[in-house]
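A short write-up of the structure that comes next.
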Number of protein chains: 2
Amino acid sequence: MQFMAATANVYNRNCPSREVVGVIASHWGSLVLGALLDGTLRFGELRRTVNGISEKMLAQTLQALERNGLVHREVHPVIPPHVDYTLTPLGVQVSRQVRGLFDWITGSMPEILTAQQAYDTSRA
Amino acid sequence: MQFMAATANVYNRNCPSREVVGVIASHWGSLVLGALLDGTLRFGELRRTVNGISEKMLAQTLQALERNGLVHREVHPVIPPHVDYTLTPLGVQVSRQVRGLFDWITGSMPEILTAQQAYDTSRA
DNA sequence: CTGAATCCTAATTGATACTG
DNA sequence: CAGTATCAATTAGGATTCAG
């Protein structure tokens with residue numbers, strides 16, 4: 001068999017899908033994917049949108065996303081340089097799920113903050 | 001205002017929700033959350049299920065998930081020790097979304113592998 | 001058995017400077 | 001503008017060791 005039962009394979013560290021989890025279910029990967037759902041962005045625009053990401057990590061993250069077929073990179077041969085990043089059809093599918101997760105987090109922040117405070121005070 | 005428009009706040013590095021993204025949308029965090037959707041697991045069972053995680057990272061990840069109210073830790077005072085980890089109602093909600101993402105990844109692996117190969121050969 | 005604590009090495013990350 | 005190169009700092013990982 002090429003893949004194990006649904007979902008189970010990501011739990012095998014030798015399965016290629018595990019590497020994909022590392023790309024998508026990562027701090028910067030998820031934020032970049034979510035940002036592009038609103039439309040094409042340039043490198044600098046992404047850098048400003050994803051507040052706090054370094055140039056190095058943005059470049060690295062975009063390369064990983066491009067390699068996995070989630071993001072399309074389009075270079076306009078002009079001076080000064082102009083490079084556009086867009087979600088591929090595949091990327092749009094993940095991005096929607098990532099956005100769903102972000103929306104859930106946003107909506108659940110009150111409960112989460114309460115839990116954090118309870119946890120922190122219980123060991124002070 | 002306490003929060004910005006939906007989703008947008010995770011893009012502000014000073015918003016508390018950003019920290020939660022780091023916990024959930026992370027390699028180990030997502031895998032542990034997904035694993036617990038099938039039911040309560042003990043430390044050692046989790047260690048075996050999430051193939052490749054070190055004891056250190058598992059302990060660290062479980063603490064972060066517990067602090068954010070997503071996982072409940074139950075210690076049975078017996079010898080030998082017995083500690084159960086279970087998703088809280090809040091945790092079940094995220095876990096379902098994480099599982100959805102994993103299932104999507106699993107189902108999209110053929111396309112993703114094709115993209116990887118195209119990318120790799122195009123610069124060899 | 002479940003973890004916390006420690007020590008040490010390897011890998012990531014981030015800030016900065018620099019180039020086409 | 002869009003990155004790459006470099007180096008310093010942070011973090012992850014593994015291998016014990018130890019306590020409850």
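As a basis for the values below, the full set of heavy atoms in this structure was taken, side chains included, without hydrogen atoms, waters or symmetry mates. Since we're looking at a predicted model, the values are computed, not measured.
Residues A:L101 and B:Q97 share a closest heavy-atom pair of N-OE1, 3.5 Å.
Checking B:K56 against B:R42, the closest nucleotide of DNA chain C that is more toward the 5' end is the one next to B:R42.
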Full working for side chain to side chain donor-acceptor pair (under 3.5 Å) between A:T106 and B:N9: CA-CA 7 Å; A:T106 301; B:N9 52 342; 3.1 Å; yes

Test side chain to side chain donor-acceptor pair (under 3.5 Å) applied to A:Q93 and B:W104, step by step: CA-CA 9 Å; A:Q93 293 177 31; B:W104 181 88; 2.8 Å; yes

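The residue B:Q63 sits close only to the backbone: its heavy atoms come under 4.0 Å of sugar-phosphate atoms, none of a base. As judged by a 4.0 angstrom heavy-atom cut-off over every strand, A:P81 is placed among the base-contacting residues. Residue-level contact check: B:R73 touches the backbone only, with heavy atoms under 4.0 Å from sugar-phosphate atoms and none from bases.
Nucleotides of DNA chain C that come within less than 4.0 Å of any heavy atom of chain A span, from the 5' end to the 3' end, C:dT13 to C:dG20. First and last contacts of DNA chain D with chain B, using any nucleotide atom under 4.0 Å from a protein heavy atom and ordered 5' to 3', fall at D:dA12 to D:dG20.
Using a 4.5 Å cut-off on side-chain heavy atoms (C-beta onward), B:M109 and A:P16 make contact.
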Report all side-chain donor-acceptor pairs from residues 55-64 of chain A shorter than 3.5 Å, counting only partners two or more places apart or in another chain.
from, atom 1, to, atom 2, distance (Å)
A:T61, OG1, A:M57, O, 2.6

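Using a 4.0 Å cut-off between charged nitrogen and carboxylate oxygen, A:R42 and A:E74 do not count as a salt-bridge pair.
Checking each of B:V23, B:L70, B:V92 against B:L33 for a side chain to side chain contact (heavy atoms under 4.5 Å, CB included) leaves exactly one that passes, namely B:L70.
Follow the hydrophobic side-chain contacts under 4.5 Å out from B:Y119 and you never reach A:V75; the two are in separate clusters.
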